[in-house]
> 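Input: one structure, supplied below.
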Amino acid sequence: MVSAPRLMLEWLEGVARDRGTQFGIEVMHPEGTWVGAGDPILYLTGSFAQLADLETLYLQKLGPPCVAAHNAYQMCLELPAVAFLAMDARHCAGAEMANMMAYAASVGSEAAKREGARGFVGNATDATAHWFGASRGFGTMPHALIGYAGSTLRAAEMFHANYPEENLTVLVDYFGREVTDALGVCQRFPELGAAGRLAFRLDTHGGRFLEGLDPAESYAVLERHAPGAIRRYRSETELRHLVGTGVSAAAVWKMREALDAAGFPKVRIVASSGFGVQKCRVMAEARAPIDVVGTGSFIPDTWSETYATADIVAYDGVPRVKLGRESLLRRNGERKRTGAVAPG
């Protein structure tokens with residue numbers, strides 16, 4: 001996982017102030033660095049009476065962000081040239097979880113940026129935009145606007161009329177005419193397309209193919225652009241990401257082909273729908289021409305695997321730990337530590 005302890009640390013510092021006590025905290029793995037399973041993230045020192053009732057609460061603020069940060073980090077490295085937009089909020093169980101996940105995405109993103117990736121450029125809500133250095137959230141027009149307008153083109157016209165200075169990102173899956181509607185918008189706003197201010201978001205439902213695709217055509221599209229991606233063994237999930245329904249690599253390439261053929265090479269493609277680590281990896285192998293990924297899939301799939309533990313490793317400076325947890329003891333004779341906090 002990737003170390004993401006800030007929320008836990010800030011909370012502990014606040015509790016210490018409220019209680020008129022002090023906690024000694026030594027972070028062994030700074031924020032954004034890799035941590036192996038079972039390796040202590042930090043050592044915590046303080047009064048047993050003051051710390052005992054806090055254990056579960058501070059662990060809740062540590063484990064999930066660390067796992068989510070690692071997922072975000074991996075996703076960004078799989079598609080290093082692609083910008084990511086965090087769209088996790090609606091998948092979260094309340095505001096506290098949403099804050100944890102946005103923080104985690106920002107930590108994983110910064111770690112990936114240090115290795116050359118573009119990483120996350122923002123998120124979808126104002127409430128957590130500060131984690132990405134922004135004052136507000138970003139996004140695209142909603143499906144509801146297109147339904148209200150009655151057509152994709154009319155929705156684009158309405159949006160542009162009200163926000164003429166904003167880049168125009170149009171959802172094109174509402175009526176199942178992704179290619180046709182995208183080209184119609186391009187023809188209506190050629191100046192935006194030429195300036196690189198026009199983009200289309202693919203969010204095709206997983207129960208159908210993007211317009212113009214079926215299994216045979218999906219294979220044909222990838223044969224034209226990334227034959228190596230389909231000429232080896234693939235799991236069922238990988239095949240779905242490559243040539244299946246929904247937002248597949250073939251779907252992205254199909255849209256890129258249509259835009260380029262119509263003379264709109266600067267129009268960008270935003271892809272969303274289930275972009276976790278595995279899907280990002282498959283898209284990279286297919287060299288899918290994605291400009292931006294909108295995703296909340298860095299949220300851990302298996303929540304039971306996000307727990308952290310806290311173990312007392314010394315009492316009044318005397319080392320003592322549960323049998324089997326000796327690896328948590330401090331080395332080199334350093335004994336003035338009360339507890340070790342580690343990933344599960």
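One is the number of the first residue; the rest follow in order along the sequence. Just so it is clear, the values below take in all heavy atoms, side chains as well, and ignore hydrogens, waters and symmetry mates. Since we're looking at a predicted model, the values are computed, not measured.
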> Where is the tightest heavy-atom contact between Gly46 and Phe23, given as atom of each residue plus distance?
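Here Gly46 and Phe23 meet closest at CA-CD2, 4.3 Å.
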> Would you confirm whether Glu78, through its side chain, and Cys76, through its main-chain N or O, come within 3.5 Å as a donor-acceptor pair?
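Here the side-chain-to-backbone pair does not exist.
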> Considering residues, nucleotides and ligands other than His205, do more than 12 of their heavy atoms fall under 6.0 Å from its NE2?
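Open: at most 12 neighbouring heavy atoms sit under 6.0 Å from NE2 of His205.
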> Would you indicate whether the side-chain heavy atoms of Val67 and Val2 approach each other to under 4.5 Å?
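The answer is no; the side chains never approach within 4.5 Å.
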> Between Ile269 and Val252, which heavy-atom pair has the shortest distance, and what is it?
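Between these two residues, the closest heavy atoms are CD1-O, 3.8 Å.
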> Ser248 side chain to Thr245 main-chain N or O, any donor-acceptor pair under 3.5 Å?
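Judged by distance alone, no pair lies under 3.5 Å.
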> Using side-chain heavy atoms (C-beta onward) and a distance below 4.5 Å, is Glu217 in contact with Lys254?
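Side-chain contact under 4.5 Å: yes.
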> What's the verdict on side-chain contact (heavy atoms from CB on, under 4.5 Å) for Leu7 and Gln60, showing C-alpha distance, side-chain angles and the deciding distance?
CA-CA 10 Å; Leu7 296 180; Gln60 288 175 342; over 6 Å; no
> Using every non-hydrogen atom in the two residues, find where Ala288 and Trp253 come nearest and quote the distance to one decimal.
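Taking Ala288 first and Trp253 second, the nearest heavy atoms are CA-NE1, 3.7 Å.
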> Taking NZ, NE, NH1 and NH2 as the nitrogens, is one of them in Arg281 or Glu238 under 4.0 Å from a carboxylate oxygen of the other?
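Salt bridge: no.
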> Can you name the nearest heavy-atom pair linking Ala308 to Leu62, along with the distance?
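Smallest heavy-atom distance, with atoms named: CB-CD2, 4.1 Å.
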> Return the set of residues passing salt bridge (Lys or Arg N to Asp or Glu O under 4.0 Å) with Asp181 (not counting sequence neighbours), or none when no residue passes.
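For Asp181 the salt bridge (Lys or Arg N to Asp or Glu O under 4.0 Å) partners, ignoring immediate neighbours, are Arg177.
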> Would a single hydrophobic cluster contain both Leu42 and Val107, if residues Ile, Leu, Val, Met, Phe, Trp and Tyr are joined by side-chain heavy-atom contacts under 4.5 Å?
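No; tracing contacts between hydrophobic side chains, which count when under 4.5 Å, never links both residues.
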> Look at the rings of Phe120 and Phe298 and say which category their plane angle falls in: under 30° parallel, 30 to 60° tilted, over 60° perpendicular.
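Perpendicular.
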> Report the C-alpha distance between Lys61 and Glu96 in whole Å, list the side-chain angles of each, state the deciding distance to 0.1 Å, and finish with yes or no for salt bridge (charged side-chain N to carboxylate O under 4.0 Å, His left out).
CA-CA 9 Å; Lys61 304 176 191 303; Glu96 184 176 10; 2.7 Å; yes
> Could you tell me which non-hydrogen atom of Ala102 sits nearest to which non-hydrogen atom of Asp88, and how far apart they are?
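In this case the closest contact between Ala102 and Asp88 is N-OD2, 3.9 Å.
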> Regarding Glu110 and Arg6, does a basic nitrogen lie under 4.0 Å from an acidic carboxylate oxygen?
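No, this pair does not count.
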> Would one find more than 12 heavy atoms of other residues, nucleotides or ligands at under 6.0 Å from atom CZ of Arg232?
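Yes, enclosed.
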> Under the side chain to side chain contact (heavy atoms under 4.5 Å, CB included) rule, collect the residues that match up with Thr140, sequence neighbours excluded.
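Checked Thr140 against side chain to side chain contact (heavy atoms under 4.5 Å, CB included); matches are Thr169, Leu171, Arg201.
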> Leu329 and Arg320: which non-hydrogen atoms are nearest, and at how many Å?
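Shortest heavy-atom separation between Leu329 and Arg320 comes out as CD2-N, 4.3 Å.
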> Has the side chain of Lys279 got a donor or acceptor atom that lies under 3.5 Å from a matching backbone atom of Ser273?
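Confirmed, Lys279 side chain pairs with Ser273 backbone.
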> Would you indicate whether Glu326, at its atom CD, is surrounded by more than 12 heavy atoms from other residues, nucleotides or ligands within a distance under 6.0 Å?
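More than 12 within 6.0 Å, yes.
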> When you compare the side chains of Glu178 and Thr204, does any donor N or O come within less than 3.5 Å of an acceptor on the partner?
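Side chains of Glu178 and Thr204: pair found under 3.5 Å.
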> Does Glu10 come within less than 4.0 Å of Arg17, counting only side-chain N to carboxylate O?
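Salt bridge absent between Glu10 and Arg17.
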> Cluster question for you: counting only ILVMFWY and a side-chain heavy-atom cut-off of under 4.5 Å, with indirect links fine, are Val282 and Leu202 together?
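Both belong to a single hydrophobic cluster.
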> Residues two or more places apart in sequence or in another chain: which of them pass salt bridge (Lys or Arg N to Asp or Glu O under 4.0 Å) with Asp53?
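Here the qualifying residues are Arg19.
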> If you count heavy atoms of other groups shown closer than 6.0 angstrom to CH2 of Trp34, is the number above 12?
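No.
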> Go through Met8 and Ile41 one step at a time and tell me if the side-chain contact (heavy atoms from CB on, under 4.5 Å) criterion holds.
CA-CA 12 Å; Met8 170 192 172; Ile41 294 177; over 6 Å; no
> What side chain to side chain donor-acceptor pair (under 3.5 Å) pairs are there with at least one residue in residues 259-269, not counting sequence neighbours?
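For residues 259-269, and leaving out neighbouring residues, the side chain to side chain donor-acceptor pair (under 3.5 Å) pairs sorted by first residue read Arg256-Asp260.
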> Yes or no on side-chain contact (heavy atoms from CB on, under 4.5 Å) for Tyr103 and Thr128, after CA distance, side-chain angles and deciding distance?
CA-CA 8 Å; Tyr103 160 64; Thr128 54; over 6 Å; no
> Considering residues at least two apart in sequence or located in another chain, which fulfil the ring-ring contact (aromatic ring centres under 6.0 Å, His included) criterion with Phe189?
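Scan of Phe189 (ring-ring contact (aromatic ring centres under 6.0 Å, His included), adjacent residues dropped) gives His160.
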> Would you say Leu9 and Leu57 are hydrophobically clustered, going by side-chain heavy atoms of ILVMFWY under 4.5 Å?
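Yes, one cluster joins them.
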> With the 4.5 Å side-chain cut-off for hydrophobic clustering, are Val267 and Leu85 part of the same group?
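No.
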> So with a 6.0 Å cut-off around OH of Tyr148, is the heavy-atom count from everything else above 12?
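Not buried by this count: 12 neighbours or fewer within 6.0 Å.
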> Using modelled atom types only, decide if a donor and an acceptor are shared between the side chain of Asp291 and the backbone of Val270 within a distance under 3.5 Å.
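Answer holds: no.
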> As a quick check of understanding, evaluate side-chain contact (heavy atoms from CB on, under 4.5 Å) for Ser109 and Phe84, giving each step before the final call.
CA-CA 9 Å; Ser109 173; Phe84 283 77; over 6 Å; no
> List the residues meeting ring-ring contact (aromatic ring centres under 6.0 Å, His included) with Tyr163, not counting sequence neighbours, and say none if there are none.
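With sequence neighbours excluded, Tyr163 shows a ring-ring contact (aromatic ring centres under 6.0 Å, His included) to Phe159, given in chain and number order.
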> Are Arg231 and Glu285 close enough, and set up right, to give a salt bridge (charged side-chain N to carboxylate O under 4.0 Å, His left out), and what steps lead you there?
CA-CA 12 Å; Arg231 291 181 182 176; Glu285 291 171 352; over 6 Å; no
> So, Asp214 side chain and Ala216 main chain: donor-acceptor pair closer than 3.5 Å or not?
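Checking the backbone N and O of Ala216 against the side chain of Asp214, a donor-acceptor pair under 3.5 Å is found.
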> Could you see if Val277 belongs to whatever hydrophobic cluster contains Phe275? Use Ile, Leu, Val, Met, Phe, Trp, Tyr and a side-chain cutoff under 4.5 Å.
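Val277 clusters together with Phe275.
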